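Here is the structure we will look at.
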Amino acid sequence: MTTPSLDSPRRAGRREWTAFVVLMLPLLLVSMDVSVLYFAIPAISRELDLSGTQQLWIFDIYAFALAGLLITMGSLGDRIGRRKLLLIGAAAFGAASVAAAYAQSAEMLIAARALLGIGGATLMPSTMALVRNLFQDPGQRATAVGIWSGVMTAGVALGSVLSGVMLSHFWWGSIFLINVPAMVLLLVLAPILVPEFKDPAPGRFDLPSVPLSMGAVLPVIYGLKKIAADGFATAPAVAIAAGLVLGLLFVRRQLTRRDPMINPALFRNRGFGSAAALNAVAMFAMMGSTYFTTQYLQSVLGQSPLEAALWSLAPSLLIGCAAPVATLLVQRGVRRAHVVAGGFVLAAAGLGVLALADTDSLWTVLLGCGVSATGIVTVMSTVTDLALGITPPRTAGSAASLLETGQEFGGALGMAALGSVGNAVYRHDVTEAAPAGLPADTLDAVRETLGNASVLAGGLPGRAGEALLTTAREAFTHGMQLATATGALVLLAAAVLATVTLRNVDDRPTDAASADPERPETSPTEAAGAVLPEREASLTLTR
C-alpha cells in the first residue's frame, strides 16, 4: 500500500478506473428503468388486463419507492459500507427484475416494480458515493463525475429504444430480464474490484427518521405528479402540504440529534446547499421540457413510439461533449460559477429554440433538445462535482442521497409547473377553436389530452376529425411554446443565482465530524479531506 501524501490527494490508478467502469453498470440500468416501460405498456395491458389506475401505478411506483428511500439508503450505506449496500441492492434489483418479467397479474407487477425502486434507491447513492471515495484527486473526480452524469442521461434515452427493440423480437417480460446478466456481472466483479468504504464512526442509525423522510418526500412527489397529470386539485395540494409539514419535522430532528441521518454540517459550507438547489433546477428544466417533446414527436408529428425514441437519440451527439468540456473549463481555471451560469444560459437558449417550434418542426425540436440538454448536463456535472468535493469521504453516501432526492423533487416540480402552463394553454385553445357541433362529452375528453384528441378524431366523419386533430395539435404546440419560454426564464434566473451563490464558494471538504462538538476533534489534515493512514484502514482497505 502506498501512503497518500498529506500535501496532495492520492491519484487513482488502473484499479480505481476499472472499478469505476463496473459501477456504471447499475447506474445505467437504474436510469434505463425510468423509461423502459414506454413501449411495453400496451402489450402488458393486453396480457394482464390492466385498468387505467393499475397502469399508472406500474409506471409511478418505481419512482415513488426510489425517491422515498434515497435518503435512508444513503445514510445506511455510510454505516454498513457502500459496496455492501451496492451488492445487496444489485441482488434485490436482479431478483425483482425476474419477478417483474414473469408477473402473472397487475398486483404482482406493481409489487415487483416497487422492489425495483427499492433496489434502485440502494444503487444510485452508492455509485455516486463510491465515485467520491475512489477519486480523491479533484481533476480525476471531475472527469469521473462527468462520465457519471453522461451515463445517467444516456440511460434514460436508451431505455425506451432498447425496450422497443426487445419487444420487436421477444415478449414483454424480456425488457426486465435484460437487467439480470448485468446485475450478476456486478455481483461477481464488485467484490473483486471495488473497495469498501464507510464512515468509521457513524453513530447509531436513526430509525424514526426513516418514516419521517419518506413522509416528507412521497406526498410531495405524489402531489406534484398528480398536478402535472390532472391539473390543480385539493387532494394533491393537501398531499404536498402534509409532506412539507413532515419535512419540517424531519429537519428539526436532524438538527437536534447527536447522530442524525443527514448531518447538518454538510450545509455549513454554503456551496453544498447551492449545488443541490441548482442541480434540482437543472432537473426541473430537463423533465419539464421532456414532458412536451416526447408527446410532440408522437402525437403532433405522428411518429411511432420506436421512431420517436430513435429520433430522441440524435441530441446525444451534443450531450456527449457537455461534461468533458465543462470539466476542462474548470481545470483550465474558469470559475465554477461562470461554468454553471453559462450552462444555464445555454439550456435557456435551447428552450428558447423549442419555443419557436410549430406543428411541423422536427429539426427545430431536436436542435432545441440538444442545446438545452447540453447546458443542463454542463450544470449537473459541474455542481455534482462541486458538492462531492465539498463532502468529506465519510459522509459521501448521505450527500449523494440528498443530491438525488433534490433531482427527484426538481423533476416532479418541472413536470407539474411547466406541464400546468402547457395544459392550461391547450385547454383554452381547444375550447376556443374546436369545430362546432362536437358532443359535450367528446369535447371534454379532447380538452383533457392530445392523446384523447388523436383517438377521437379518427372516429369523426368527413373533415371534422381532421379539423379537430389539427386544432388539438396547434393548441398543444402553443402550450409547449409558452411552457418552454417560461422554463427559459427560470433558467436565466438560475444563471444569475449561480453567479451570486457560487461566486466565493470554497470547494474544500468541511468534515461533518469536526463540526460536531460532541464528537472527538479531527486533525486539520482530516478536516481538509485527506485520508490519513490510520483512517484508511477502516475507510478503504476492505475488499
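Bear in mind the structure is a predicted one, so any value in this text is a computation, not a measurement.
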Q.
I'd like to check Phe272 versus Leu386 (side-chain heavy atoms, cut-off strictly below 4.5 Å). Are they in contact?
A. no
Q.
For Val365 and Leu354: C-alpha separation, side-chain torsions, deciding distance, then whether side chain to side chain contact (heavy atoms under 4.5 Å, CB included) applies.
A. CA-CA 6 Å; Val365 168; Leu354 284 175; 4.0 Å; yes
Q | Any residue meeting side chain to side chain contact (heavy atoms under 4.5 Å, CB included) with Ser174, in chain and number order, not counting sequence neighbours | A | Met166, Phe170, Trp171
(Q) So does Tyr296 get a backbone contact from the side chain of Ser299, meaning a donor-acceptor N/O pair under 3.5 Å? (A) no
(Q) With side chain to side chain contact (heavy atoms under 4.5 Å, CB included) as the criterion, how do Ile221 and Glu408 come out once you've worked through the C-alpha distance, each side chain's angles and the decisive distance to 0.1 Å? (A) CA-CA 8 Å; Ile221 297 291; Glu408 295 292 330; 4.3 Å; yes
Q. Under the side-chain hydrogen bond (donor to acceptor under 3.5 Å, both in side chains) test, which residues partner Thr499, sequence neighbours left out?
A. none
Q: Decide side chain to side chain contact (heavy atoms under 4.5 Å, CB included) for Met24 and Leu27; before the verdict, give the C-alpha distance in whole Å, the side-chain angles of both, and the deciding distance to 0.1 Å.
A: CA-CA 5 Å; Met24 294 302 97; Leu27 176 64; 4.0 Å; yes
(Q) Ignoring hydrogens, what is the shortest heavy-atom contact between Val340 and Val379? Give both atom names and the distance. (A) O-CG2, 3.6 Å
(Q) According to side chain to side chain contact (heavy atoms under 4.5 Å, CB included), who are the partners of Pro219, at least two apart in sequence or on a separate chain? (A) Ala239
Q.
Quick check: closest heavy atoms across Leu351 and Ser289, and the distance to 0.1 Å?
A. CD2-CB, 3.7 Å
(Q) Nearest 0.5 Å, please: how far is CG in Leu70 from OG1 in Thr405? (A) 4.5 Å
Q) Considering residues at least two apart in sequence or located in another chain, which fulfil the side chain to side chain contact (heavy atoms under 4.5 Å, CB included) criterion with Ala373? A) Ile319
Q: Taking the side chain as every heavy atom from C-beta outward, state whether Val353 and Val371 have any pair of such atoms under 4.5 Å apart.
A: no
Q.
Please give me the minimum heavy-atom distance between Cys369 and Thr293, naming the atom from each residue.
A. SG-CG2, 3.5 Å
Q. Which pairs count as salt bridge (Lys or Arg N to Asp or Glu O under 4.0 Å) when at least one residue sits in residues 477-491, sequence neighbours excluded?
A. none
Q: Among residues two or more places apart or on two chains, list those pairs meeting side chain to side chain donor-acceptor pair (under 3.5 Å) that have a residue in residues 86-97.
A: Ser97-Asn179
Q) Mind checking whether Ile376 and Phe284 have side chains closer than 4.5 Å, heavy atoms only? A) no
**Q.** Partners passing salt bridge (charged side-chain N to carboxylate O under 4.0 Å, His left out) against Arg253 (at least two apart in sequence or in another chain)
**A.** Asp206
**Q.** Qualifying side chain to side chain donor-acceptor pair (under 3.5 Å) pairs, either residue in residues 378-388, two or more places apart
**A.** Arg141-Asp385, Arg336-Asp385
Q.
Tell me whether Asn279 contacts the main-chain N or O of Ala275 through its side chain, where contact means a donor paired with an acceptor under 3.5 Å.
A. no
Q: To the nearest 0.5 Å, tell me how far Phe93 CZ sits from Leu186 CG.
A: 11.0 Å
Q) Is the backbone of Tyr102 close enough, under 3.5 Å, to the side chain of Gln104 for a donor and an acceptor to pair up by distance? A) yes
Q: Write down the atom of Leu48, the atom of Ala103, and the distance for their closest heavy-atom approach.
A: CD2-O, 3.9 Å
Q: Mind checking the CG-OG1 spacing from Leu491 to Thr484? Nearest 0.5 Å is all I need.
A: 10.5 Å
Q. So do Trp311 and Leu301 actually touch side chain to side chain, heavy atoms under 4.5 Å?
A. no
Q | Test side chain to side chain contact (heavy atoms under 4.5 Å, CB included) applied to Phe344 and Leu497, step by step | A | CA-CA 10 Å; Phe344 276 125; Leu497 182 65; over 6 Å; no
Q: State the CG-CE distance between Leu66 and Met73, to the nearest 0.5 angstrom.
A: 10.5 Å
(Q) Once side chain to side chain contact (heavy atoms under 4.5 Å, CB included) is applied, do any residues pair with Gln295, and if so which ones, sequence neighbours excluded? (A) Tyr291, Phe476
Q. If every non-hydrogen atom of Ala121 is compared with every non-hydrogen atom of Ala65, which pair is closest and at what distance?
A. CB-O, 4.3 Å
**Q.** Side-chain donor-acceptor contact under 3.5 Å, Arg79 with Ser75
**A.** yes
**Q.** CZ on Arg113 to CZ on Phe64, rounded to 0.5 Å
**A.** 12.0 Å
Q) At what distance, to the nearest 0.5 angstrom, does OG of Ser126 lie from NZ of Lys84? A) 12.5 Å
Q: Indicate the atoms forming the closest heavy-atom contact of Ser213 with Gly68, along with that distance.
A: OG-O, 4.4 Å
Q | Residue pairs involving residues 398-422 (criterion ring-ring contact (aromatic ring centres under 6.0 Å, His included); sequence neighbours excluded) | A | none
